[in-house]
Amino acid sequence: MVPEFIEKAFENAFISYGLSEIGGKLVFELPKNPEFGDFACTTPLLIAKEMKKKPREIAEEIVKLIDLDESLVDKISVDGPGFINVKLSNLFYCKELDRLFEIGERYGESREGAGKKVNVEYVSANPTGLLHLGHGRNACIGDSIANLYQWLGYDVTREYYFNNAGKQMQNLAKSIYARYRQLLGEENYPFPEDGYAGEYIWEIAKLLEQSYGSSLIPESKENLEICQKFGEQWSFDKIKATLHSLNIHQDVYFNEDSLYKDGKIQEVISILSDKQLVYEKDGALWFALSKLGLAEDRVIVKSSGEPTYRLPDIAYHREKFLRGYDIIIDVLGADHIATVPDVLAGVRALGFDPSKVKVVIHQFVTLTENGAQVKMSKRSGRVYTLDELISEVGADVVRFFFLMRSVSTHLEFELNLAREQSEKNPVFYLQYAYARIASIFRTAKERGIAFNPNNKTEHLNTPHEINLIKILRMFPENIKLSAFKFEPQILAEYLNDVATAFHTFYHECRIIGSNEPLLSERFKLAKVTQRVLGNGLNILGINAPEQM
RNA sequence: GCGCCACUAGCUCAGCUGGAUAGAGCAUCAGCCUUCUAAGCUGAGGGUCACAGGUUCGAGUCCUGUGUGGCGCACCA
């Protein structure tokens with residue numbers, strides 16, 4: 001972010017001041033108040049103590065030693081307790097615009113992840129019904145993180161852990177079966193106590209009845225299995241369709257089932273048992289987590305012979321490691337936080353590096369309408385599904401709302417605001433900026449106004465133009481920050497700043513109607529803005545409309 | 001009882017490695033469309049950054065404690 005020539009000049013100055021190992025202490029930051037300039041060097045404040053000098057004195061002496069190209073720097077000054085402030089010239093920013101423009105359509109992309117493999121696992125909802133809002137948040141976060149890493153040049157696999165082997169599947173089968181029998185006239189056929197009460201179970205049961213008639217009587221193991229497969233398939237199809245409507249397409253659907261069929265569960269048990277990390281007690285198999293530094297041992301195979309969720313989770317992570325990923329990202333809801341240490345301990349016990357696993361925990365979503373919380377209850381089956389939300393407010397709004405808040409905070413989804421197809425809706429602010437730019441180029445074309453991109457930019461000088469360039473040149477670092485912090489919200493916030501800077505520029509500076517060379521220079525500025533917005537929205541999975 | 005997350009304007013939230021006067025949107029009020037899309041722009045009001053200590057030249061940001069709210073702490077996933 002700090003231009004190289006500035007960094008170099010400061011480094012030289014500090015060295016000739018007698019500080020040969022200044023490297024790590026050469027610190028720049030962006031002042032909040034633009035009056036202070038573009039960059040502030042805080043090094044004098046940091047080294048004052050060990051030099052036993054006042055920071056201001058150091059700063060003033062350093063400034064005398066700094067040698068900079070005067071055409072690129074307007075002002076260099078010592079302010080406050082000892083900041084060295086640098087204000088770059090308009091010409092510098094004009095040159096920057098040319099540089100950004102030359103990078104081309106894919107501005108923002110980098111190769112720094114080249115050769116590295118990343119696995120992003122997200123959604124991973126149990127195939128026992130429809131996706132709800134929490135899954136929606138998970139899906140949007142995961143998908144955008146995958147996009148971010150792709151833009152950084154990583155080889156990204158988008159993965160869904162298909163949880164089709166646990167107790168919840170038997171519960172699903174029983175729930176469907178009960179509804180099926182009730183449909184066949186046995187109104188009082190017992191429904192499982194903790195069964196899935198949602199309306200959709202009736203729907204599945206109806207389809208089941210259409211396919212099988214009354215041939216699934218009695219309630220046998222075989223018939224329940226049919227119900228399970230039927231319900232699983234139904235759910236999977238629905239889930240996939242919902243994700244597709246959000247423009248989410250995953251590469252790998254990893255079946256939990258396969259861990260059993262392929263003997264992976266057993267392999268993990270024998271590895272752990274070779275390392276003496278498992279033992280039997282009360283008829284169950286325990287994982288000696290206490291030997292790995294955790295508080296308590298946990299059951300991994302129940303006395304009934306079925307594994308608990310921990311075992312397949314560990315086996316699954318082992319598979320991911322064996323597939324050779326450099327980074328393994330798990331996107332999980334806050335309710336899964338407790339499982340993380342166990343799985344990581346398992347990974348470590350199996351000889352893999354747990355620091356390669358990045359767990360992204362997002363907090364819950366509450367739905368509000370006019371400020372009042374919309375109650376959702378799993379028990380009654382009254383849930384607001386992701387599908388309903390998408391059809392009500394549209395995919396772009398859904399994606400943006402789920403991404404515009406930091407992953408670690410609770411997200412309040414205000415339905416009325418989301419429904420608002422007006423200026424109040426924050427997603428339109430970004431899209432509108434993009435559409436406005438598209439419109440400028442359309443109008444120019446219609447009027448036969450040409451844009452000459454080859455001249456060097458050197459006439460932009462209003463604060464609105466310069467400010468926009470300043471923001472545009474920070475796009476790549478915002479992508480990185482967003483990716484490495486696993487926070488798509490950082491990018492969303494950044495794009496909002498871009499849109500604000502553009503709207504102001506648009507209002508203050510005319511493009512069509514300007515004379516050359518300003519005309520082409522402003523066109524260039526609009527073009528780079530359009531690329532940043534387009535690429536940024538693309539990463540967030542939101543459409544960039546040519547018209548609104 | 002223990003763990004994780006949060007607490008910033010009336011509401012919803014930003015605030016990156018600690019920096020110089022704490023920001024945005026919504027809401028309220030006042031302006032701006034014969035000129036590239038007013039889904040826009042400009043301005044005003046609105047704050048003890050939950051509370052109390054600590055570290056530091058400097059704390060919304062780091063540490064400790066307290067309070068409030070959310071989510072967990074199964075031989076459920």
Side-chain angles (χ1 to χ4, degrees), chain A residues 27-33 35-36 40 42 45-46 48-49 54-55 79-83 85 124 126 128 163 165-169 171 194 256 281-286 295-296 298-304 306-310 312-313 333-341 361-364 366 368 371 404-414 417 420-429 431-433 435-444 447 449 477-478 481-482 485 487 489-490 492-493 496-497 499-500 502-504 506-514 522 526 547-548:
Chain A
V27 179
F28 292 92
E29 49 192 54
L30 306 176
K32 282 179 196 161
N33 188 336
E35 281 172 30
F36 289 125
T42 55
L45 296 165
L46 300 173
K49 202 167 196 179
K54 287 189 178 161
D79 299 295
F83 295 101
N85 290 322
S124 298
N126 295 343
T128 57
N163 233 289
K167 196 176 173 182
Q168 81 282 357
M169 297 310 295
N171 192 1
D194 54 351
E256 183 184 5
K281 193 179 93 182
D282 305 332
L285 195 66
W286 292 69
E296 285 177 86
R298 300 286 184 185
V299 170
I300 51 171
V301 181
K302 294 182 259 181
S303 52
S304 64
E306 295 169 315
T308 65
Y309 68 86
R310 286 182 191 86
D313 273 7
D335 52 340
H336 284 73
I337 182 72
T339 78
V340 173
I361 300 275
H362 67 265
Q363 297 298 312
F364 273 42
T366 51
T368 61
M404 70 183 190
R405 299 296 177 229
S406 169
V407 164
S408 64
T409 60
H410 293 253
L411 188 149
E412 188 162 310
F413 200 113
E414 173 53 51
L417 181 59
E420 194 85 49
Q421 300 290 311
S422 75
E423 78 283 354
K424 288 176 195 162
N425 195 323
V427 67
F428 296 129
Y429 187 73
Q431 294 185 314
Y432 185 60
R436 262 184 157 177
I437 299 170
S439 165
I440 294 169
F441 284 101
R442 266 198 311 275
T443 306
R447 299 188 191 170
I449 299 167
E477 64 195 81
N478 272 279
L481 193 63
S482 202
K485 289 190 167 276
E487 280 282 15
Q489 171 264 333
I490 290 175
E493 198 82 19
N496 201 69
D497 290 346
T500 299
F502 175 75
H503 284 310
T504 306
Y506 178 89
H507 192 261
E508 301 292 334
C509 306
R510 291 197 60 80
I511 298 174
I512 295 172
S514 301
R522 287 182 172 169
Q547 287 189 54
M548 282 176 78

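Throughout, a chain's letter reflects where its sequence line sits, starting with A, and its residues are numbered from 1. Just so it is clear, the structure is predicted and the values come from calculations on it, not from any experiment. What you see below is based on every heavy atom in this structure, not just the backbone, and it leaves out hydrogens, waters and symmetry mates.
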Candidate nucleotides [options], ranked by approach to the side chain of [X] - the nearest:
X	options	value
A/Y309	B/A14, B/A20, B/A77	B/A77
A/Q489	B/G15, B/C71, B/C41	B/G15
A/H410	B/C36, B/G19, B/C5	B/C5
A/F83	B/C4, B/A20, B/U21	B/A20
A/H503	B/A14, B/C41, B/A77	B/C41
A/F364	B/A20, B/G40, B/C71	B/C71
A/I512	B/C16, B/G40, B/C36	B/C36
A/R447	B/G15, B/C36, B/C5	B/C36
A/I337	B/G70, B/G72, B/C41	B/G72

Problem set entry | In B/C16, glycosidic geometry as syn within 90° of 0 or anti otherwise |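 What B/C16 shows is an anti base, its glycosidic angle lying more than 90° from 0.
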
Please report the distance, rounded to the nearest Å, between [atom1] in [X] and [atom2] in [N].
X	N	atom1	atom2	value
A/R510	B/U37	CZ	C1'	11 Å
A/N425	B/A39	CG	P	14 Å
A/W286	B/A74	CH2	P	10 Å
A/D282	B/A74	CG	P	16 Å
A/D313	B/A77	CG	P	9 Å
A/K302	B/A74	NZ	C1'	10 Å
A/E29	B/C16	CD	P	12 Å
A/H507	B/U37	NE2	P	14 Å

Problem set entry | Side-chain N or O of A/T308 closer than 4.0 Å to phosphate OP1/OP2 of B/A74 |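 No, because none of the side-chain N or O atoms of A/T308 sits under 4.0 Å from OP1 or OP2 of B/A74.
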
Exercise. Okay, side chain of A/S514, backbone of A/R510: is any donor-acceptor separation there less than 3.5 Å?
Worked result: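 Side chain of A/S514 to backbone of A/R510, a donor-acceptor pair under 3.5 Å: yes, one is there.
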
Does the base of [N] carry an N or O that pairs as donor and acceptor with the side chain of [X] under 3.5 Å?
X	N	answer
A/N85	B/A20	yes
A/S408	B/C5	no
A/Y432	B/A39	no

Nearest-angstrom distance, [atom1] atom, [N] to [M]:
N	M	atom1	value
B/G67	B/C29	C1'	37 Å
B/G1	B/C63	C1'	24 Å
B/U37	B/C32	C1'	16 Å

Regarding [X] and [Y], do their side chains bring together a donor and an acceptor under 3.5 Å, going by distance alone?
X	Y	answer
A/T368	A/E414	yes
A/R436	A/H503	yes
A/T339	A/R310	no
A/S406	A/E487	yes

Problem set entry | Face-to-face contact A/F36 to B/A20 six-ring, under 5.5 Å, under 30° |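 Yes, A/F36 stacks on the base of B/A20.
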
With a non-hydrogen cut-off below 4.0 angstrom, is [X] in contact with a base, only sugar-phosphate, or nothing?
X	value
A/T443	sugar-phosphate
A/N478	nothing
A/A444	nothing
A/E296	nothing
A/S406	sugar-phosphate

Exercise. Of the options A/L46, A/T42, A/L45, which is the one that meets A/P55 in a side-chain contact (heavy atoms from CB on, under 4.5 Å)?
Worked result: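 Result for side-chain contact (heavy atoms from CB on, under 4.5 Å) with A/P55: A/L45.
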
Problem set entry | Nearest-nucleotide 5' precedence on RNA chain B, A/K167 against A/F428 |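 Closest to the 5' end, via its nearest nucleotide, is A/F428.
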
Problem set entry | Any-strand Watson-Crick or G-U partner of B/C26, both distances under 3.5 Å |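 Looking at the geometry, B/C26 pairs with B/G10.
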
